[in-house]
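Structure record follows, encoded as C-alpha cells.
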There are 2 protein chains.
Amino acid sequence: MGRGKIVIRRIDNSTSRQVTFSKRRNGIFKKAKELAILCDAEVGLIIFSSTGRLYEYSNTSMKSVIDRYGKSKDEQQQDNVANPYSELKVYICSTKLIN
Amino acid sequence: MGRGKIVIRRIDNSTSRQVTFSKRRNGIFKKAKELAILCDAEVGLIIFSSTGRLYEYSNTSMKSVIDRYGKSKDEQQQDNVANPYSELKVYICSTKLIN
DNA sequence: GACTCTATCTATAATGT
DNA sequence: TACATTATAGATAGAGT
C-alpha cells in the first residue's frame, strides 16, 4: 500500500526504516484496538524498535495479558502430558509474506 | 475497508464477530510479521478470543519478549525513582478510533 | 524526527457458493 | 460454517516541508 509495492525485507536505509516503523507501528496499534473492541478480545502487543525502545498496547493491562498467557500455556502443557496428540490444539496463525 | 464503512464497537452478532475476528486476526499477524522484518523490531502479540482461545505471534520467542518487557519496565521504574520527570519517557501510542 | 499530501496498494465488509 | 469473490474503505510509500 502506498505509491509503490514493496518487498518484505529489512529496510537498509535507517531513515526510511525509522519512518516506516513509525507509520506501521501506529497502524498495527490501531488494528489491535479495533480487534479488541469489534471482537471482544483481550489483546497485548509488545514492540521493541531496532534502537531498543519499548512500545506497548493492551486493551486490559499487560500484566493481565501476560498472566493469562502463562496460565493458558500451563494448561496446554498439562494437556500435552496427558495427551501426546493435543499439540493439535495449538493454533498456528501464519500468513504468507509473498508480495 | 470493505463494501461498507463500519463503526468500531463490539459486533453483536456472534457469527459476524467470529468471522471478523478470524479475518482481522490474520491481518494483524501479517502486519506484525511485516513490521518485525521491515524495521528489524522484536514483536510479541498475544490475543485471546472472546471464547478464550489463545493466539500468539512473536518473531523471536514469546519468552524472550516477555523477559525483555519485564527488564525494560524495571528500568523505567528505576528511572522514575531517580527522576520524577522521566515518565515523559513512556511512549504513548494512541490512535483515534473515530471512523 | 514529526507532519502533510496523495497516488496506489492492501485489507476486509458484504455477498455469493 | 468454511471458502471464494469483489467493491470499497483504509493503510501507507514516497516525496515534500
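Below, chain A is the first sequence line, B the second, and so on; all start at residue 1. Just so you know, these numbers come straight off a predicted model, no measurement behind them. When reading the values below, keep in mind they use all heavy atoms of this one structure, side chains included, and skip hydrogens, waters and symmetry mates.
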For [X] and [N], what is the distance between atoms [atom1] and [atom2] respectively, to the nearest whole Å?
X: B:K30; N: D:dG10; atom1: NZ; atom2: P; value: 19 Å
X: A:R9; N: D:dA13; atom1: CZ; atom2: C1'; value: 17 Å
X: A:L35; N: D:dG10; atom1: CG; atom2: P; value: 16 Å

Kindly write out the residues that satisfy side chain to side chain donor-acceptor pair (under 3.5 Å) with [X], not counting sequence neighbours, or none if the list is empty.
X: A:N59; result: none
X: A:S58; result: A:T60
X: A:S64; result: A:E42
X: B:R17; result: none

Can you list everything that forms a ring pair (Phe, Tyr, Trp, His ring centres under 6.0 Å) with B:F48? Sequence neighbours excluded, please.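 B:F48 satisfies ring pair (Phe, Tyr, Trp, His ring centres under 6.0 Å) with no other residue.
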
All ring pair (Phe, Tyr, Trp, His ring centres under 6.0 Å) counterparts of A:Y69, not counting sequence neighbours: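 None.
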
Taking B:D40 for the side chain and B:A36 for the main chain, is one N or O donor matched with an acceptor at less than 3.5 Å?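 No, B:D40 side chain to B:A36 backbone: no donor-acceptor pair under 3.5 Å.
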
Would you classify A:Q18 as touching base, sugar-phosphate or nothing, given that sugar-phosphate means primed atoms plus P, OP1 and OP2, and contacts are heavy atoms under 4.0 Å?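 Sugar-phosphate, backbone atoms only, no base.
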
Angle between terminal axes - the helix from C:dA2-D:dT17 to C:dT17-D:dA2, 5 pairs each end, rounded to 10°: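 About 40° separates the two local helix axes.
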
Report, as a single string ordered 5' to 3', how protein heavy atoms within less than 4.0 Å touch nucleotides 12-17 of chain C: B base, S sugar-phosphate only, - not at all. BBB---

How would you list, by chain and number, every residue that makes a side chain to side chain contact (heavy atoms under 4.5 Å, CB included) with A:K63, sequence neighbours excluded?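 Once residues adjacent in sequence are excluded, the partners of A:K63 under the side chain to side chain contact (heavy atoms under 4.5 Å, CB included) criterion are A:S61, A:D67.
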
